[in-house]
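Just the heavy atoms: all of them, side chains too, but no hydrogens, waters or symmetry mates, feed the values below.
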Amino acid sequence: MRIARFSIDGNVAFGAVEGEGPDGLVLDIIKGIPYAEFELSGTKVPLSKVRLLPPVLPNKVVAIGRNYAEHAKELGNEVPDVPVAFFKPTTSVIGSGDAIEYPSFSNELHHEAELAVVIGRMCREVPRERVKDVVFGYTCANDVTARDAQQREKQWARAKGFDTSCPLGPWVETDLDPGDLTIQATVNGEQRQLGRTSDMIRSIEDLVVHITEAMTLLPGDVILTGTPAGVGPLHVGDEVAVTIEGIGTLTNKVIKRG
């Protein structure tokens, strides 16, 4: 099931996405929140009549760096012995169609297409065999990075945590095997990144176990699983799209910060 979060007439709701094609998609509004048992209301609105919001509002976004060998190599880095984890704040999260604001402290903004894992229940110290039980679903992400700031600052908080640096969407797909999906990024229609989730150094099970050894994850929290090779620059006016097989396409335009 595809679960979207949206606004219409000033109201925010979740809905199940039904239909196919850009003109045939409708939202069946969900009664309650999707992390618990819910019912479909039967009230349907065309997707074209609503504004898509970030599909979740995470308490935290835990991101993993250098989880594809070719990406680590292209930036001159070694594959780490343990997963490199960092946080992106909730203020960095935007939805499909929202604008990425070019930060004033950077002159080298990069796209990073990623598969995002959405957590469905509170969990801590999750064993490998229980990982599927705590995952709500998957969505597309763009770990937008101020590469020059990342290179000159020892911590990545500003480089990867600035406002609008974490586009998520367009919705969460709850019925998906994430083991071998095509993941790609285009800029102004030109392909920049193309990889497969099977190329991850550490699997989703590995990442959930590693992260929950240290911290509790809450419903709606997000794990970014790393990016394949091909990261590159974004400029004001560019339109960047992240497409993941079985999920959909996340699209955002880069604007000058006002």
Side-chain angles (χ1 to χ4, degrees), residues 1-3 35 55-56 58-75 77-88 93 111-143 145 156 160 166-169 171-185 193-231 242-250:
M1 179 178 289
R2 295 171 289 179
I3 304 293
Y35 308 118
V56 291
N59 175 271
K60 54 188 169 293
V61 177
V62 187
I64 302 297
R66 302 170 188 169
N67 198 29
Y68 288 76
E70 289 303 310
H71 169 59
K73 181 179 178 181
E74 73 179 344
L75 296 183
N77 298 310
E78 299 292 330
V79 173
D81 293 332
V82 295
V84 175
F86 57 94
F87 293 106
K88 294 174 83 80
V93 175
H111 57 81
E112 295 192 6
E114 309 205 8
L115 175 70
V117 182
V118 179
I119 298 299
R121 63 178 64 179
M122 186 170 69
C123 57
R124 185 178 67 171
E125 296 185 353
V126 180
R128 287 185 63 87
E129 63 271 16
R130 291 287 309 281
V131 167
K132 289 183 180 179
D133 296 337
V134 305
V135 172
F136 176 64
Y138 305 89
T139 192
C140 305
N142 191 346
D143 176 19
T145 302
W156 296 357
K160 287 179 171 284
C166 189
L168 298 174
W171 42 64
V172 177
E173 174 56 69
T174 64
D175 184 17
L176 186 71
D177 181 350
D180 187 27
L181 304 174
T182 301
I183 177 171
Q184 64 175 323
Q193 291 181 268
L194 180 63
R196 301 196 69 83
T197 57
S198 54
D199 294 329
M200 289 183 192
I201 297 166
R202 294 172 180 89
S203 68
I204 289 168
E205 289 80 8
D206 294 333
L207 299 180
V208 172
V209 169
H210 180 75
I211 291 166
T212 61
E213 284 177 341
M215 69 192 73
T216 299
L217 295 178
L218 302 175
D221 280 351
V222 170
I223 298 172
L224 304 189
T225 58
T227 192
V231 300
V242 174
T243 301
I244 299 179
E245 180 183 358
I247 300 176
T249 299
L250 165 70

Discussion item. Just by distance, no angles: are the side chains of E173 and T139 close enough, under 3.5 Å, to form a donor-acceptor pair?
Written reply: no
Fill in: Side chains of T212 and R124, donor plus acceptor under 3.5 Å
no
To the nearest 0.5 Å, tell me how far [X] [atom1] sits from [Y] [atom2].
| X | Y | atom1 | atom2 | value |
| --- | --- | --- | --- | --- |
| L250 | T243 | CG | OG1 | 8.5 Å |
| I247 | R2 | CD1 | CZ | 11.5 Å |
| I223 | L217 | CD1 | CG | 5.5 Å |
| L176 | M1 | CG | CE | 14.5 Å |
| E112 | Q193 | CD | CD | 7.0 Å |
| W156 | T145 | CH2 | OG1 | 8.5 Å |

When you measure from the side chain of [X] to the backbone N and O of [Y], does any donor-acceptor pair fall under 3.5 Å?
| X | Y | value |
| --- | --- | --- |
| K88 | K160 | yes |
| D143 | T227 | no |
| T197 | P178 | yes |
| D221 | N59 | yes |
| T182 | R196 | no |
| S203 | I201 | no |

Worksheet item: Counting only heavy atoms not in M122, do more than 12 fall under 6.0 Å of its CE?
Response: no
Worksheet item: For atom CD of E78, is the number of surrounding heavy atoms from other residues, nucleotides or ligands below 6.0 Å larger than 12?
Response: no
Taking all non-hydrogen atoms of both residues into account, name the closest pair between [X] and [Y] and its distance.
| X | Y | value |
| --- | --- | --- |
| C140 | G248 | SG-O, 3.4 Å |
| A113 | A185 | CB-CB, 3.8 Å |
| I244 | L115 | CD1-CA, 3.6 Å |
| V56 | Y35 | CG1-OH, 3.1 Å |
| V208 | V126 | CG1-CB, 4.2 Å |
| C166 | L224 | SG-CD1, 4.3 Å |

Worksheet item: Which residues satisfy the salt bridge (Lys or Arg N to Asp or Glu O under 4.0 Å) test with R66, sequence neighbours excluded?
Response: none
Discussion item. Test of understanding: with salt bridge (Lys or Arg N to Asp or Glu O under 4.0 Å), list the residues that count as partners of D199, not counting sequence neighbours.
Written reply: none
Discussion item. Going by side chain to side chain donor-acceptor pair (under 3.5 Å), name the residues that satisfy it together with H71, two or more places apart in sequence or in a different chain.
Written reply: E74
Worksheet entry | SB check D133 R121 (cutoff 4.0 Å) | no
Worksheet item: What's the verdict on side chain to side chain contact (heavy atoms under 4.5 Å, CB included) for D206 and H210, showing C-alpha distance, side-chain angles and the deciding distance?
Response: CA-CA 6 Å; D206 294 333; H210 180 75; over 6 Å; no
Worksheet item: Could you walk me through whether V118 and Y138 pass the side chain to side chain contact (heavy atoms under 4.5 Å, CB included) check?
Response: CA-CA 6 Å; V118 179; Y138 305 89; over 6 Å; no
Worksheet item: Between V84 and I64, does a side chain to side chain contact (heavy atoms under 4.5 Å, CB included) hold up when you go through it step by step?
Response: CA-CA 5 Å; V84 175; I64 302 297; 5.8 Å; no
Fill in: Close side-chain approach of P58 and V93, heavy atoms under 4.5 Å
yes
Item to complete: Start with the C-alpha gap between T225 and M200, add the side-chain angles, then the distance that decides, and say whether side chain to side chain contact (heavy atoms under 4.5 Å, CB included) holds.
Response: CA-CA 8 Å; T225 58; M200 289 183 192; 3.2 Å; yes
